[in-house]
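Reckoned from all heavy atoms, side chains included, excluding hydrogens, waters and symmetry mates. Since we're looking at a predicted model, the values are computed, not measured.
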Amino acid sequence: MAKTLHSKRQEVLVAAIAEQRRAKGLSQAQVAKALGRHQPFIANIESGERRVDLLELLVLADIIDLDVHALIDRLQKSPG
């Protein structure tokens, strides 16, 4: 299996997170605070430097109102 950190699907994932965060009018610092983390945590996710596990994604999705089911459908249709 190829590394996924710099894959097309990873790019789609981080773009969706960043776009939805901005659409909700939230800063990286606000989202990080809601997660009990510091701003660099979100910056590293959005820059693609840090992978998001499923449980983190679910919590993050709740904070930014991201439709995880739609995102997964989009990721499955995206080239690896």
Legend entry - Nearest-0.5 Å distance, CZ of residue Arg21 to CD1 of residue Ile42: 8.0 Å
Inset, instruction - First locate atom CG of Leu58, then atom CG of Asp53, and finally report the distance between them rounded to the nearest 0.5 Å. - result: 9.0 Å
Inset, instruction - Go through the structure and list residues passing side chain to side chain donor-acceptor pair (under 3.5 Å) with Ser27, not counting sequence neighbours. - result: Gln30
Inset, instruction - Give every residue pair that meets the salt bridge (charged side-chain N to carboxylate O under 4.0 Å, His left out) criterion with at least one member in residues 63-79, sequence neighbours excluded. - result: Lys24-Asp65
Legend entry - Approximate separation, where rounding is to 0.5 Å, of Leu13 CG and Ile45 CD1: 8.5 Å
Legend entry - Of all pairs that satisfy side-chain hydrogen bond (donor to acceptor under 3.5 Å, both in side chains), the ones with a partner from residues 31-44, not counting sequence neighbours: Gln28-Gln39
Inset, instruction - Could you tell me which non-hydrogen atom of Ile63 sits nearest to which non-hydrogen atom of Leu26, and how far apart they are? - result: O-CD1, 3.9 Å
Inset, instruction - Test salt bridge (Lys or Arg N to Asp or Glu O under 4.0 Å) on Arg51 and Glu56 and set out the steps. - result: CA-CA 10 Å; Arg51 189 184 319 247; Glu56 289 172 333; over 6 Å; no
Inset, instruction - Find out whether Leu71 and Leu66 are in side-chain contact, i.e. whether some heavy atom of one side chain is under 4.5 Å from a heavy atom of the other. - result: yes
Legend entry - CG-NZ distance between Leu75 and Lys8, expressed to the nearest 0.5 angstrom: 11.0 Å
Legend entry - Whether Glu46 side chain and Val14 backbone form a donor-acceptor pair below 3.5 Å: no
